[in-house]
> 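This structure is in structure tokens; I'll ask about it shortly.
The shown structure was predicted, so the numbers you read here are calculated from the model rather than taken from an experiment. All values below come from the heavy atoms of this structure, side chains included, with hydrogens, waters and symmetry mates left out.
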Amino acid sequence: MTARFREPHHTFDAALLAAGRSGDGDSGPPAPTAAEFLRHAEDAAKELLAYARRLGTGEVGKRGHVGGSGPGAVPGRGARPVEGVAPTVGAGPAEGGEGVRFAVGGGPGHEAERRGAADDAGPAHDAKAVSPAGHVKPELDAVPGGAGMAELAEAAGRFLQLAAACVPFVADAPRLAGAVRTELVRSLPDGGEGDAASAIGYPDSPAFREMRSLYRIAYGVSRDPAAREIVLELSARRTAERLSADLPEVWRQVEDHIIEHGWVRTWNTALPPLSAREAVQRMQNALLRWDPETAGVAAGELQPGGRSRPQPKLSEKLQPLAAAHRKLAGELPFSPALFTKARWESRRFWQAAAEQCGVDPGLLPWATPEEVLAALRGERPLEKAELQARQANGFSLHAAAGDVHAHARETPAEPEGVLTGQSVSLGRAVGRVKVVLNADDGGKLLPGDVLVTDLSTPTYEGQPSVFPYRGIPSVAIEKAAAVVTDEGGLLSHAAIVCRESRVPSVLGTERATSVLRDGMIVEVDATRAAGRVIVLEG
Amino acid sequence: MAEALEAPVESVGGKAASLARLHAADIPVPPFFVVEAGALRELLEAGPGGHLRPELASAVLEGYHGLGHAAVAVRSSAAGEDSAAASFAGQFASILGVSGDENLLLAVERVCASALSDDVEAYRRSSGVEAGAFAVVVQAQIFSEKAGVLFTRHPLEPDGHEGYLEANFGTGESVVGGMVTPDSLTFTRAGGKVVSRTIGSKRVATVVDESGSAVIPTPPERRELPVLSDEEAEAVVARGLRIEELFSCPQDVEWAFDSAGLWILQARPQTGLAS
């Protein structure tokens, strides 16, 4: 299957464009059609994810036994424990232990909690926040002696093999998406970029789905007075406790959200997965500032009032092309998010593997597949100091004699896709970037968007720009998920307005307007004085 | 100024009332006079593009000539503008470096027109502040060499023990407008000792002279220099803390140094402390 797609890229372009013009199944070059490409890619992705899930639940391994409910499992939703979410009462260490071959205490989720706790207020306080009263955190068994290195190595090898099978799709998809988009734009009546975007639709990416899902819960809460009161009037920790005790339905939605989407932001960043406390905090941030209608728009449940533009309708011929574009540009099978998700699904397996290799599980992703396999096979141990240096400083890859080697950089570098600045209004938010540089741009800001602007351009009178400004109604600031600027200090008008509106904001990034583009999904982390803006999807 | 001290906030607005109190407490503020809200009501009701009545215009010019300063800053002073709940930060226009009779009248009219903008209306509605009286302050222009803003409580940790100050070369408009990442420092609220300092990138500065105001780039070698000396920083901090004591609530203070020394341009309650 993979060999077939290791062909010159232009054959894909030609095939896709041919498919778009004349529909699928037309006779054409022997290269795969768009439909075939998508199907094979999805198959490869499904296979990887299914295997990852089996690894994660301990199903794969010695004797290949399937465990009914592993420790920490959430009944009725598959055996996928979520760190940071209280498991249902009674899920104890002893239950169903037989099925869990690789599970050990902790897991990447635990690691995440530890990191989160160290970063935030107080560790004990934090741990409680995500494990509300009386609930038991998953305490997993030690690796059973039976699941030895050989089994681990074999399973890891299989996982990496399946991952490698997805690589051609991952590599080709962005290129294909670009070709399809060019063709679509050319075929539209006016060919205007803005119209094209609304006609084709944005790719329905994992990060965007995460956002909409969370805002949907917030929207539901905004219409339920009892839930609204709990979410608004208490700390995130208290809210989590009370939701789990008093409104299990809402709490279950938060749990589900984390199971489905919690991994998203770990892709391309050094961030731990979303915790329940953070999810609750983000809901609070939104609900404190939004009326139900705004929350509805952000959740995608309501149309923005008076803002919906007539959308150019696509011809029947173009519709399949648009659908292909959405998939190519955003869908899981094609993005690096696939590997992130696979790693998340199988995190308990990798936890066990890390244990066997004698390193902290957080370090494992910084080793190459070859290094992991060699360590599991007992050929060459992992070098802890080197992995730590790679984690802290980044690394470079070198190919020599057919092998790829990773080397830690000597000096720390800012991870790509991360901007730093000063938090001027505390909070955390995820949203879609809208860059506003002049008065005509102001209207495009929708609820839940991240306003990105420079602040540094004076008005025509040589006065500093007033904020909000440039055609942005000040109410739009309140509905923004977050504000990010190139310049500006803690005492600027912009900072004051953001604090009054409780919009999480990072100012003074120096390069936000040159790095960020409309449509990117970013996380704005203004929880500490040193604020960060992380590109989740570009 | 004596009159402003007597006049109620409803007729002179928050900014003028606070300037009058500072002056009465012997804190140096630039000489100023107020065009009262009652006098401007007609102009505001006429909508944008209106002109001052001749009697009012001559009264304004009389006040201007009485200041004895050719260049002035024209600023809004609205009731509710500087309340502790909502600062109206930057919602109304301020016009700096105005000189000449005709320019002054135009500037007063323009500042009034800013009260009618949609943005101001929207901000007022969303912050729940009633549309109140709108007065205008005409203040002698300080040709500042360095300037900035001081909050007597750190805005991110309002319950802590520190205050926060930002500074840039030129006038304070670059700091207020967020046009630069300024120098900043934190200080102890008890004792006014400087705790930490950072040098900002401050790529530009806003400057003002008799010909008006402008934004100019700051030469790279100057950007790395601290705006304030240790003594200057301590002087501003001490002044800020004294103002908080005077008003008995946390203050948002705009300050400036010119060749004559330290001036306080305005002081208002610090917002965003509720939570």
> Can you spot which of A:Q281, A:R289, A:R282 makes a side-chain contact (heavy atoms from CB on, under 4.5 Å) with A:P504?
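Only match with A:P504 under side-chain contact (heavy atoms from CB on, under 4.5 Å): A:R289.
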
> Where on A:L490 is there a heavy atom nearer than 4.5 Å to chain B: the side chain, the backbone, both, or neither?
both

> With a 4.5 angstrom heavy-atom cut-off, which part of B:V149 approaches chain A: side chain, backbone, both or neither?
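Answer is both: backbone and side chain atoms of B:V149 are under 4.5 Å from chain A.
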
> Answer yes or no for B:R222 and B:F169: cation-pi contact, defined as NZ/CZ to six-membered ring centre under 6.0 Å and angle to ring axis within 45°.
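Yes, cation above the ring, under 6.0 Å and within 45°.
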
> Taking the six-membered ring where the residue is Trp, are the ring centres of A:W290 and A:Y219 under 6.0 Å apart?
no

> Can you tell me which portion of A:E510 sits under 4.5 Å from chain B's heavy atoms? Options are side chain, backbone, both or neither.
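Both parts, backbone and side chain.
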
> From the options B:E244, B:E162, B:H161, select the one residue that forms a side chain to side chain donor-acceptor pair (under 3.5 Å) with B:R189.
B:E244

